[in-house]
Colleague: 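Below: one structure in structure tokens.
Lettering follows sequence order; numbering is per chain, from 1. Nothing here was measured: the structure is a model prediction, and the numbers come from that model.
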Amino acid sequence: MTSPSSKRSASESISPPPSKRKRSCSPDSFFSDVSESPLYVFLVDAKLNGETIEELISLVDQFNLNDTAKSQTGVELQLSLNAEDADIIVTEVRMRARLERHLDWVTAKQKAIVTTQWLRDSVRSQQLLPCGKYAALGELYEETVHNCPENNCAVDAPSKAKKENTNIRYNHRYACMRNSPLNCPNQVLIKKLAVLRRHRELEGLDVQALSYERAISVLKAFPHHITANDVQQVSDLPHIGPKILSKIEEFIQRGDITECNDILSEARYQSLVAFTEIYGIGPSTARNLYSLGLRTIEDLEKHYKDKDNAKIQATRIQAPAKKTFTSPTSKLRELGLPEMTVKEALLLREDLNVRIPRSEVEEIRDVIMNELGQIRRGCVSMITGGYRRGKIESNDIDIVISHKDLKSGGDEVKGLCATLVKRLYDKGIVTHVMHLSSFRPHNTLRTAHWDSLEKALTVVKLRDNNNNGTGQKQNQKHIHRRLDLIFAAPEVYWTAVVGWTGSIMFERDLRFWAKQEKGMRFDSSGISRRHDSKLYFPKSEEEVFELLGLEWIDPTLRNADM
DNA sequence: CGGCATACG
DNA sequence: CGTA
DNA sequence: GCCG
């Protein structure tokens, strides 16, 4: 999968202007007579095995033998021997560099470049389908749509000089192949769809919630404001099906979505949203509390008043008496750290819902790393999460920590997580520890993973050292902040960085892509091959992407969530 | 019609 | 189930 | 709810 020879750079090179082979749009083509000039199809054999090639060739024959198909489209298909003379390029290649080994970029831009699925579906449906959904390269999406034989008679005249083609990777099926900026031209629409998504999630309709999440993610990468003219293009996007498209159409027409307003006015929705803002209360618990008749945060406070030592996990209403959960208490208790209770989560709620400016994220990082420096030398760290994706304000702070020494570093960081957290707690910097994991003992049964990651989910509050001796209470500068510390062995540092940079949808699709298309397993503590569990240790973030066969995407373009 | 990320407590 |  |  490495490309040794053709390391041609991104510059457009040499080749003469390719013969502009434009299909005729003469009125003749509208009659059911098959036009004299066939539609030329070029198969890029890269990544196709012999069996697939045979299949594709026989599909072409099948199309030509099908009278319905021929009369509906008015063309025959003809395999082309070179890309230049073709109208449409069929390929399984998904990346520019790889494609450029088979045809030059200037030519590519004048063709419709589609996946093999386009051919399959076109033949099956006996017509030439729109290319948008089948564009093989996101980078050439516009060109593919424009050069698609299906529409090149219809939409030629008003071809507005489309220039804003710099953010072209937006139509891929996987979020990890799209450029998703922090803010996009369709934020208003997305915000309304997010209400539908949240509603499905709160009501336990996880699968529908996921669909909305994906649709939102796709729209997040869409490069321009959607108007009535774009409906076709939008419906061609992946993960936009009939249901969600109809919502989008409603929004285009009315500037609003009825179901969204209905949901927002539901008392139940409002309560569930409020409940789940408390750390440790998710959709299921929220619904249970609601069914007990509780409606407001005040109701919750009253409800938890007596049993104020209730652990957050104990909030379940219908205890499934069968399973006796082993108390997840042990680790914290060992270190003399108090557990998180609902009561405390309620007290923290206000603070934790306040966004954290970048400067304070850095301030906290500095304090933490200063403390760490006093117990271990040679540690390295990176702030990941929303901060790294460029957010002006973060919900929490994620710091990935490792050691600069690739060889001895694993031992250097082993156990460090608990040690550091204990120290920070004793100093009053860490006020709460919601979760603390240590190195798992090597599991000989499931050898796919080994011990490599420690993490602590904490709450911190920095001291306000603004005392001028009078002891007067000034405005408290610092409030409680959520801080996640992730300790990674040096070999998996970059994997952890990618894994903790997000966004969530980006991560899910990274793993999904790795599984579906690469037979790999990705988790923040390692990358491995699925069939033999061979492990990989990328030495930079770029190498992580390369290993997974992905183009590197800048962290600020990984904002695939709302 | 099955699958949808993955792991841990 | 909740969290990342 | 959408995809393969």
Colleague: Between D:dG1, C:dT3, D:dC2, which nucleotide has the shortest distance from any of its atoms to the side chain of A:Leu457?
Modeller: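 Out of D:dG1, C:dT3, D:dC2, the nucleotide with an atom closest to A:Leu457's side chain is C:dT3.
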Colleague: Answer whether the closest heavy-atom distance between the side chains of A:Asp484 and A:Asp396 falls below 4.5 Å.
Modeller: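 Touching, per the 4.5 Å side-chain cut-off.
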Colleague: Please give, in whole Å, the distance from D:dC3 P to A:Asn171 CG?
Modeller: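 Answer to the nearest Å: 13 Å.
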Colleague: Could you check which of C:dA4, B:dT6, B:dG9 has an atom nearest any side-chain atom of A:Ser437?
Modeller: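 Closest nucleotide among those given: B:dG9.
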Colleague: Could you check which of D:dG1, D:dG4, C:dG2 has an atom nearest any side-chain atom of A:Val207?
Modeller: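 Given the options D:dG1, D:dG4, C:dG2, the side chain of A:Val207 is closest to D:dG1.
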Colleague: Is it the case that over 12 heavy atoms from other parts of the model lie below 6.0 angstrom from the CD atom of A:Glu266?
Modeller: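 Yes, CD of A:Glu266 has more than 12 neighbouring heavy atoms, counting only those of other groups under 6.0 Å.
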Colleague: For A:Glu507 and C:dT3, what is the distance between atoms CD and P respectively, to the nearest whole Å?
Modeller: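 It works out to 19 Å between those atoms.
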Colleague: Kindly point out which of C:dG2, D:dG4, C:dA4 is positioned nearest to the side chain of A:Tyr279?
Modeller: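 Of the options given, the side chain of A:Tyr279 lies nearest C:dA4.
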Colleague: Pick the nucleotide of DNA chain B nearest each of A:Gln516 and A:His435; which residue has the one closer to the 5' end?
Modeller: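 The residue closer to the strand's 5' end, by nearest nucleotide, is A:Gln516.
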Colleague: May I ask you to say what A:Ile244 touches in the nucleic acid, namely base, sugar-phosphate or nothing, with a heavy-atom cut-off under 4.0 Å?
Modeller: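 Touches sugar-phosphate only.
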Colleague: Rounded to the Å, how far apart are A:Arg508 CZ and D:dC2 P?
Modeller: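 In whole Å, D:dC2 P and A:Arg508 CZ are 16 Å from each other.
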Colleague: Among D:dG1, C:dG2, D:dC3, which nucleotide sits nearest the side chain of A:Lys243?
Modeller: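 Nearest to the side-chain atoms of A:Lys243, counting from C-beta on, is D:dG1.
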Colleague: Carefully, step by step, assess A:Leu202 and A:Val273 under the rule side-chain contact (heavy atoms from CB on, under 4.5 Å).
Modeller: CA-CA 8 Å; A:Leu202 290 169; A:Val273 167; 3.7 Å; yes
Colleague: Choosing from D:dC3, C:dG2, B:dT6, which nucleotide comes nearest the side chain of A:Pro283?
Modeller: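 Of the candidates, C:dG2 comes closest.
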Colleague: From the list B:dG9, B:dC4, D:dG1, which nucleotide is the closest neighbour of the side chain of A:Phe512?
Modeller: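 Closest of the options to the side chain of A:Phe512: B:dC4.
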Colleague: Across the strands shown, which category fits A:Arg482 at heavy-atom distances under 4.0 angstrom: base, sugar-phosphate, nothing?
Modeller: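 Contact class for A:Arg482: sugar-phosphate only.
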Colleague: Tell me which nucleotide among D:dC2, B:dG9, C:dA4 gets nearest to the side chain of A:Asp484.
Modeller: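 Closest of the options to the side chain of A:Asp484: C:dA4.
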Colleague: Is A:Lys515 close enough to B:dT6 that one of its side-chain N or O atoms is under 4.0 Å from OP1 or OP2 there?
Modeller: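 Yes, because at least one side-chain N or O of A:Lys515 sits under 4.0 Å from OP1 or OP2 of B:dT6.
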Colleague: OP1 or OP2 of C:dG2 versus the side-chain N and O atoms of A:Thr285: is any pair under 4.0 Å?
Modeller: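 A:Thr285 to C:dG2 OP1/OP2: side-chain N or O found under 4.0 Å.
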Colleague: Just to confirm, is there a sub-4.0 Å distance from OP1 or OP2 of B:dA5 to any side-chain nitrogen or oxygen of A:Arg214?
Modeller: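 So the side-chain polar atoms of A:Arg214 do come within 4.0 Å of the phosphate oxygens OP1 or OP2 of B:dA5, strictly under.
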Colleague: Rounded to the nearest angstrom, tell me the gap between atom CE in A:Met340 and atom P in C:dT3.
Modeller: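 It is 10 Å, rounded to the nearest whole Å.
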Colleague: In whole Å, I'd like the distance from the CZ atom of A:Arg511 to the C1' atom of B:dG3.
Modeller: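 So the CZ-C1' distance, A:Arg511 to B:dG3, works out to 17 Å.
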Colleague: Go through the structure and list residues passing side-chain contact (heavy atoms from CB on, under 4.5 Å) with A:His172, not counting sequence neighbours.
Modeller: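 With sequence neighbours excluded, A:His172 shows a side-chain contact (heavy atoms from CB on, under 4.5 Å) to A:Arg94, A:Met177, A:Arg178, given in chain and number order.
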Colleague: Contact class for A:Ile504 vs. all strands (heavy atom < 4.0 Å): base, sugar-phosphate, or nothing?
Modeller: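 No contact.
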Colleague: Take atom OH of A:Tyr212 and atom C1' of D:dC2, then tell me their distance rounded to the nearest Å.
Modeller: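 Rounding to the nearest Å, OH of A:Tyr212 and C1' of D:dC2 are 11 Å apart.
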Colleague: For A:Leu210 and B:dA5, give me the distance from atom CG to atom P, rounded to whole Å.
Modeller: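 Going from CG in A:Leu210 over to P in B:dA5 covers 6 Å.
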Colleague: Taking the six-membered ring of A:Tyr387 as reference, does the NZ or CZ atom of A:Arg358 fall below 6.0 Å from its centre and within a 45° cone about the axis?
Modeller: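 The answer is yes; both the distance and angle limits are met.
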Colleague: Would you measure the distance from the C1' atom in C:dG2 across to the matching atom in B:dA5 and give it in whole Å?
Modeller: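 So the two C1' atoms sit 16 Å from each other.
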Colleague: Looking at residues at least two apart in the chain, or sitting in another chain, which of them share a side-chain contact (heavy atoms from CB on, under 4.5 Å) with A:Ile252?
Modeller: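 For A:Ile252 the side-chain contact (heavy atoms from CB on, under 4.5 Å) partners, ignoring immediate neighbours, are A:Ile226, A:Ala228, A:Val231, A:Ile248.
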Colleague: Taking A:Arg200's backbone N and O only, do any of them form a donor-acceptor pair with A:Gln208's side chain (distance below 3.5 Å, no angle check)?
Modeller: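 Answer holds: no.
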Colleague: Would you say a side-chain N or O of A:Ser284 is under 4.0 Å from OP1 or OP2 of C:dC1?
Modeller: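 For C:dC1, OP1 or OP2 has a side-chain N or O of A:Ser284 closer than 4.0 Å.
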Colleague: What is the nucleic acid contact for A:Ile486, judged by heavy atoms within less than 4.0 Å: base, sugar-phosphate only, or nothing?
Modeller: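 No contact.
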Colleague: Rounded to the nearest Å, what distance is computed from the CZ atom of residue A:Arg197 to the C1' atom of nucleotide D:dC2?
Modeller: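 It is 16 Å, rounded to the nearest whole Å.
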Colleague: So A:Asp206, base contact, sugar-phosphate only, or nothing? Heavy-atom distance under 4.0 Å.
Modeller: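 Contact class for A:Asp206: none.
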Colleague: Of the listed nucleotides (C:dA4, D:dC2, C:dG2), which one gets closest to any side-chain atom of A:Ser211?
Modeller: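 Minimum distance to the A:Ser211 side chain belongs to D:dC2.
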